[in-house]
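What follows is a single structure, written as structure tokens, with notes after it.
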Amino acid sequence: MLGFTYLLLTFWMSAQMSFAAPFAQFEAGCNNFASQVANSVANTTVFFAEVVPAGTNLTFPDQDPSCASTSSSQVVLADMCRVALNVSTSNDSGIIMEAWLPKNWTGRFLSTGNGGLGGCIQYVDLAYTTALGFATVGANNGHNGTSGASFYHNPEVLADFVYRSVHTSAVVGKEITRLFYGTPHNTSYYLGCSTGGRQGFKSMQDFPDDFDGIVAGAPGINWNSLMSWEDYVHSVLGNNSSPTFITNGEWLDLVHKNVMKQCDAIDGAVDGIIEDPNLCNYRPEDLLCGSSSSNSPDCLTAEQVHALRLVYSPLYNSNGHLMYPRQQPGSEDPSYIDEIFGGQLVQFSADWFRYVVYDPSSDLNTLNVTDWTHTQQLNPYNIGTWNGNLSAFRNNGGKMLTYQGQADMVVSPIDMELYYAHVQRTMSLQSKEVDDFMRLFRISGMSHCANGPGAWEIGQTLPGVGGQLTVEMLHPDRNVLTAMVKWVEGEVAPETIQGTKYVNDTKDLGVQFSRRHCRYPLRNTYDGVGDSRDPDSWFCQ
Ligand SMILES: *[C@@H]1O[C@H](CO)[C@@H](O)[C@H](O)[C@H]1NC(C)=O
Ligand SMILES: *[C@@H]1O[C@H](CO)[C@@H](O)[C@H](O)[C@H]1NC(C)=O
Ligand SMILES: *[C@@H]1O[C@H](CO)[C@@H](O)[C@H](O)[C@H]1NC(C)=O
Ligand SMILES: *[C@@H]1O[C@H](CO)[C@@H](O)[C@H](O)[C@H]1NC(C)=O
Ligand SMILES: *[C@@H]1O[C@H](CO)[C@@H](O)[C@H](O)[C@H]1NC(C)=O
Ligand SMILES: *[C@@H]1O[C@H](CO)[C@@H](O)[C@H](O)[C@H]1NC(C)=O
Ligand SMILES: *[C@@H]1O[C@H](CO)[C@@H](O)[C@H](O)[C@H]1NC(C)=O
Ligand SMILES: *[C@@H]1O[C@H](CO)[C@@H](O)[C@H](O)[C@H]1NC(C)=O
Ligand SMILES: *[C@@H]1O[C@H](CO)[C@@H](O)[C@H](O)[C@H]1NC(C)=O
Ligand SMILES: *[C@@H]1O[C@H](CO)[C@@H](O)[C@H](O)[C@H]1NC(C)=O
Ligand SMILES: *[C@@H]1O[C@H](CO)[C@@H](O)[C@H](O)[C@H]1NC(C)=O
């Protein structure tokens, strides 16, 4: 206990005590740093090293324009030395990376991840973790921009995307950290979601020495099947000239409301959140138009209802094996409906088929289960990221904290539960033994990595603390990243993570409610008595 109290007290202080170099000295060190890196780290070209004072609003004029949706500008929250470089990863591939080295360093190192097919450095994550005193790196995943076009006939660029960008930037980033501060990092961490989540799982599986603690949300593991699932859903729903098509308005006004009508009360609290969607046996037949009402806007045709039935059921391959789990009822997310159910194949899946599985001239409207099975078998560089043997990571003392929104429309929440079971079977472990090194938190009402009707702000990103670094939102009970630091350095693992929901997702409007999320396989259960907005009215069962 003493050790842990010490950790809490020193979480923000330790760096200042050991490393509060005068600003001028820090500045001189940074200004000389580019040549030092170039001379010491093989296969790199340093673009620049420059001091960036807290409060600076950075813009990124050189980045690919498609990255603007990830970050077009970023306000820096702590004084730091910003280093940008490239590192070649083979004769015809390389990564662009940045290291943000805070003046108030805590001795901790952290790598950030990417999203989608993304070749975009997630500057907002660098700003968040640098402000918490981590020496942080981020990389472009081996290519610039959100398109998958550079994978075409380019296996080395694909290898960077699958595993090498994060590994390389971790190795190089640790070396840069040592050079800059004159002493190696004490502990190393990873933070990412979606593709960033998959990158975290890839590190755990294949590079078990890279990180002491990995926080990986909504991971796109089972990747090949996920790509196929997206194509399958597209083929089931068709486009707006198909009798099976369901419009944006129908998804939100009919389907989502009908799901809630059938399943919101299962957990005892009618609050727009299905605590465990596994318990929702959704029946879209409720929405069938009667024989006299076939053109009513309040109902769906038999073709549409059949399509819904398929979307809320798993996909099997031609051998009858489960390929990808169902869409969870309750995950009908206004911010993804047009992209995924809008009548064309979602970009990341389309690019995967065009640039990795087949070629740019493929007709993506005619793929079928043969193609999905082929995709699953192709599995380049083992992008499936489904290795259930985590012995090396566990034996190193590595810790994995994974979180999964239960209203995620992009990655089925069931996928993570299947992986968890796969690890148990592969390693012959009971849940409480898995708890020693890997904990899965199911975040009810959280959409893909963020947002949604639930208490989704769990410290996973800067928006995940309401955009401001406050003592309460950085508390390890409410923050997955500081919880991980406490687990690795204080050896106290998180039992629950308390999520926060702000009114209109705006911190200044105040807290709407909070809820503690349980670790799998425990289920969050309402006591049926207290105010459901009070975390104490729920317990993990
Ligand atoms: C930072 O700069 C960008 C581009 O000039 C601008 O759009 C953005 O509003 C600025 N952010 C802040 C917080 O000032
Ligand atoms: C990728 O973007 C970086 C800036 O982030 C730029 O220096 C580099 O030239 C770009 N590479 C290509 C191939 O466009
Ligand atoms: C760094 O730490 C010092 C000492 O605690 C503090 O006064 C200062 O505000 C910190 N600076 C930044 C940029 O966080
Ligand atoms: C530098 O790159 C070359 C060619 O890709 C490779 O053979 C060599 O091992 C790399 N050196 C280091 C230190 O990574
Ligand atoms: C990489 O380039 C070097 C120098 O041109 C060459 O010797 C080597 O064979 C190349 N390696 C590969 C794998 O192509
Ligand atoms: C890295 O920079 C060097 C020198 O500017 C350049 O030759 C090389 O192509 C760059 N590599 C990448 C991957 O951008
Ligand atoms: C790293 O840990 C050692 C031993 O606990 C401690 O003395 C040192 O101050 C730490 N380094 C930093 C940068 O915090
Ligand atoms: C809609 O789907 C039909 C049937 O697959 C196809 O023939 C048509 O080209 C599609 N329309 C658009 C705009 O994609
Ligand atoms: C899938 O499509 C191909 C032609 O593109 C066809 O030969 C094959 O029979 C189809 N497979 C199934 C299971 O429908
Ligand atoms: C798991 O991997 C370790 C090496 O990390 C190996 O020694 C062990 O045999 C593997 N166990 C299984 C069940 O495959
Ligand atoms: C929250 O947003 C809704 C819809 O945008 C709006 O009607 C409502 O006034 C907002 N509430 C507050 C407290 O700002």
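The shown structure was predicted, so the numbers you read here are calculated from the model rather than taken from an experiment. Both ligands and their constituent atoms are indexed starting at 1 by order of listing.
- Nearest protein neighbour of atom 7 (O) of ligand 1, counting heavy atoms only, is S73 OG, 4.7 Å.
- Atom 5 (O) of ligand 9 lies below 4.0 Å from none of the non-hydrogen atoms of the protein.
- Taking distance alone, with nitrogen or oxygen atoms compared against 3.5 Å, N368 approaches ligand 9 more closely than that limit.
- Geometrically, R326 does not engage Y232 in a cation-pi contact, judged by NZ or CZ lying under 6.0 Å from the ring centre and within 45° of the ring axis.
- Rounded to the nearest 0.5 angstrom, F109 CZ and F211 CZ are separated by 6.0 Å.
- Considering N379, T375, T385 as possible partners of N224, the one that fulfils the side chain to side chain donor-acceptor pair (under 3.5 Å) test is N379.
- In this structure, atom 11 (N) of ligand 9 has a protein heavy-atom contact shorter than 4.0 Å.
- Using 4.0 Å as the threshold, T366 has no heavy atom nearer than that to any atom of ligand 9.
- For atom 2 (O) of ligand 1, the choice among T56, N57, T59 with the nearest heavy atom turns out to be N57.
- Between K202 and N382, the closest side-chain pair of non-hydrogen atoms falls below 4.5 Å.
- Taking a cut-off of under 4.0 Å to the non-hydrogen atoms of V75, the atoms of ligand 1 that pass are 13 (C).
- The distance criterion of under 3.5 Å between nitrogen or oxygen atoms is met by N144 with respect to ligand 2.
- Aromatic pair Y312/Y282: centroids less than 6.0 angstrom apart.
- At the shortest separation from atom 13 (C) of ligand 9 among protein heavy atoms lies V369 CG1, 3.6 Å.
- Looking only at atom types and distance, the side chain of Q327 has no donor-acceptor partner in the side chain of E332 under 3.5 Å away.
- Residue T112 forms a side chain to side chain contact (heavy atoms under 4.5 Å, CB included) with just one option from V166, V137, T461, D125, and that option is D125.
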